[in-house]
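Here is the structure we will look at.
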2 protein chains.
Amino acid sequence: MFIEQLSESTEMYLKAIVEMSDRDMVAVSRLAERVNVTPVSANEMVHRLGEQGLVEHTPYKGVALTEKGREVACNVLRRQRLWEVFLYEHLKIEWAQIYELACSLEHATAPEVTEALATFLGDPRTCPRGNPIPAADGSFTPLDGLPLSEISVGKTVRVVAVNATETDVLRYLQEREILPGQEITVLEAAPLHGPLMLRMPGGKEVALGMSLAEFVFVK
Amino acid sequence: MFIEQLSESTEMYLKAIVEMSDRDMVAVSRLAERVNVTPVSANEMVHRLGEQGLVEHTPYKGVALTEKGREVACNVLRRQRLWEVFLYEHLKIEWAQIYELACSLEHATAPEVTEALATFLGDPRTCPRGNPIPAADGSFTPLDGLPLSEISVGKTVRVVAVNATETDVLRYLQEREILPGQEITVLEAAPLHGPLMLRMPGGKEVALGMSLAEFVFVK
DNA sequence: CGGAATAATAAGGGTAACCATAAGATTTTT
DNA sequence: AAAAATCTTATGGTTACCCTTATTATTCCG
Ligand SMILES: [Mn+2]
Ligand SMILES: [Mn+2]
Ligand SMILES: [Mn+2]
Ligand SMILES: [Mn+2]
């Protein structure tokens with residue numbers, strides 16, 4: 001089966017869907033938020049993706065990837081995360097920037113380059129943000145962890161991944177040392193979805209807003 | 001001065017112009033051939049480039065890059081050739097394929113990545129196809145050599161660069177060991193722009209068509 | 001059950017790059 | 001100086017993505 005060259009836009013939609021679908025279908029309006037377009041535009045695109053056999057849209061229910069779509073999406077994820085490893089480990093680029101930079105490269109990367117890069121990097125299993133790198137065949141163990149926003153007060157957890165994508169957000173977290181591998185104790189959770197109070201390894205206390213805490217996966 | 005994000009198409013046109021302009025202006029129809037569009041389409045694009053201050057078009061004479069255009073074009077060339085070095089030296093990708101693969105990556109490469117890559121590679125001066133890599137400031141010593149097609153019979157020369165871009169053409173030359181560094185003797189030139197007869201280092205004799213010989217720069 | 005919220009569609013536009021065909025305008029060649 | 005070749009411009013299309021502003025359909029919830 002031929003894998004035609006898909007547009008950057010198409011790849012970004014598919015990546016968004018695979019990242020958002022834990023178990024159930026993805027609402028088109030959520031997808032729209034994620035890829036930063038209006039719901040109407042996302043709806044149009046979902047139709048186009050459907051025509052290409054990449055997604056299945058059930059009106060009023062949501063979108064799901066087809067097998068073909070999942071394959072493509074995982075491959076985009078693979079390219080993205082391999083580049084993140086290269087940019088961070090070899091080019092020594094600032095941790096907060098690697099997602100954004102890799103997100104451009106991922107669409108310009110031929111299969112030959114992807115596989116040669118994987119070999120060059122020693123077939124890494126996770127990217128510097130802690131996310132698993134899908135294998136060449138698309139197989140992929142999803143992240144085993146919970147968002148920090150769902151951890152109860154008093155618990156001590158270890159960060160496994162930081163799933164933010166915006167450089168500003170990543171830089172904010174980096175400055176507070178909320179990074180994969182760090183051990184964090186949840187001291188307090190303010191009411192009404194207010195900020196969490198966290199104790200970091202050095203003993204420093206840090207306040208973290210709930211929407212940011214949703215990006216931080218811990219175990 | 002801000003360098004807005006230019007489209008892939010724009011970058012390819014600028015790169016084509018800088019590569020084709022030795023001394024005089026570039027005819028729009030030549031440009032059209034190079035970027036594989038119709039002359040009308042190239043004309044439209046030249047207008048757009050003119051409005052953006054990247055080229056100067058003199059009707060019936062040709063196009064020339066402005067200073068701004070030359071800067072952008074050299075930067076594209078820098079990105080392209082740095083990626084070629086990486087793909088060849090580090091990822092061990094087949095020589096004939098690196099141009100095509102680098103030609104995708106070049107448009108997805110932010111300045112931070114370009115410079116970090118240059119440092120990682122040890123600031124190489126030439127790419128595996130023998131072309132000089134422009135410096136970060138755009139400075140750039142043009143290739144010192146002549147096309148093999150202009151060498152007279154009996155002369156022995158050394159290949160400095162192979163300027164073909166199509167993978168098929170590069171593979172054809174690679175198979176005949178017409179590669180940078182090789183020493184070649186022109187044994188015979190058939191009349192009517194017919195093929196050249198060449199003696200290669202091993203003593204093997206190779207026939208090479210004139211249009212292919214135009215890609216091979218020697219000294 | 002019925003209204004509110006949410007989702008989908010319809011309709012009308014916009015831009016960037018491409019295409020083709022058909023005139024003009026200019027240069028080159030005879 | 002014509003004629004031929006080349007270059008430019010004028011028109012009119014196409015596709016992929018995006019937008020806004022209705023309108024309609026469905027689901028959710030009190
Ligand atoms: Mn639908
Ligand atoms: Mn991307
Ligand atoms: Mn013009
Ligand atoms: Mn290119």
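Within every chain, numbering begins at 1; the chains are lettered A, B, ... in the order of the sequence lines, protein sequences first and strands thereafter. Computed from a predicted structure; not experimentally measured. Below, all heavy atoms of this structure are taken into account, side chains as well, without hydrogens, waters or symmetry copies.
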Atom-pair distance ([atom1] on [X]; [atom2] on [N]), nearest Å:
X      : N      : atom1 : atom2 : value
A:M25  : C:dA7  : CE    : P     : 14 Å
B:L31  : C:dA17 : CG    : P     : 14 Å
B:R30  : D:dT8  : CZ    : P     : 11 Å
B:Y13  : C:dA17 : OH    : C1'   : 8 Å
A:H107 : D:dA16 : NE2   : C1'   : 16 Å
B:R48  : C:dC18 : CZ    : P     : 7 Å
B:N36  : C:dC19 : CG    : C1'   : 13 Å
A:K61  : C:dT6  : NZ    : P     : 16 Å

Would you indicate what [X] reaches in the nucleic acid, counting non-hydrogen atoms under 4.0 angstrom: base, sugar-phosphate, or nothing?
X     : value
B:S9  : sugar-phosphate
A:S41 : base
B:T38 : sugar-phosphate

Is there a side-chain polar atom (N or O) of [X] under 4.0 Å from OP1 or OP2 of [N]?
X     : N      : value
A:S7  : D:dA16 : no
A:H57 : C:dA7  : no
B:N43 : D:dC7  : no
A:S29 : C:dT6  : no
A:T10 : D:dC17 : yes
B:H47 : D:dT9  : yes

For this session: Answer whether the closest heavy-atom distance between the side chains of A:Y13 and A:V63 falls below 4.5 Å.
Result: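 Answer no - side chains too far apart.
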
Exercise. Would you call B:K15 and B:E106 a salt bridge, taking side-chain N to carboxylate O under 4.0 Å as the test?
Worked result: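 Answer for the salt bridge query: yes.
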
For this session: Would you mind checking if A:R79 and A:E115 are paired as a salt bridge, meaning a charged N to carboxylate O distance below 4.0 Å?
Result: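 Between A:R79 and A:E115 there is no salt bridge, as every charged N stays at least 4.0 Å from the carboxylate O atoms.
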
For this session: For the pair A:F86 and B:W83, name the ring-plane relationship: parallel under 30°, tilted 30 to 60°, perpendicular over 60°.
Result: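 Judged by the thresholds at 30° and 60°, the geometry between A:F86 and B:W83 is tilted.
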
For this session: Measure up the A:F120 and B:H90 rings against each other and bin them: parallel (under 30°), tilted (30 to 60°), perpendicular (over 60°).
Result: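 Judged by the thresholds at 30° and 60°, the geometry between A:F120 and B:H90 is perpendicular.
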
Side chain of [X]: nearest nucleotide among [options]?
X     : options                : value
A:Y60 : D:dT27, C:dC19, C:dT9  : D:dT27
B:V40 : C:dG12, C:dA10, C:dT21 : C:dT21
A:A27 : D:dC19, C:dA7, D:dT8   : C:dA7
A:E44 : C:dA8, C:dC19, C:dG12  : C:dG12
B:M45 : C:dA17, C:dA8, C:dA25  : C:dA17

Exercise. With distance as the sole test, does A:T109 use its side chain to make a donor-acceptor pair with the main-chain N or O of A:L105 at under 3.5 Å?
Worked result: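 The answer is yes, because a donor-acceptor pair under 3.5 Å joins these two groups.
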
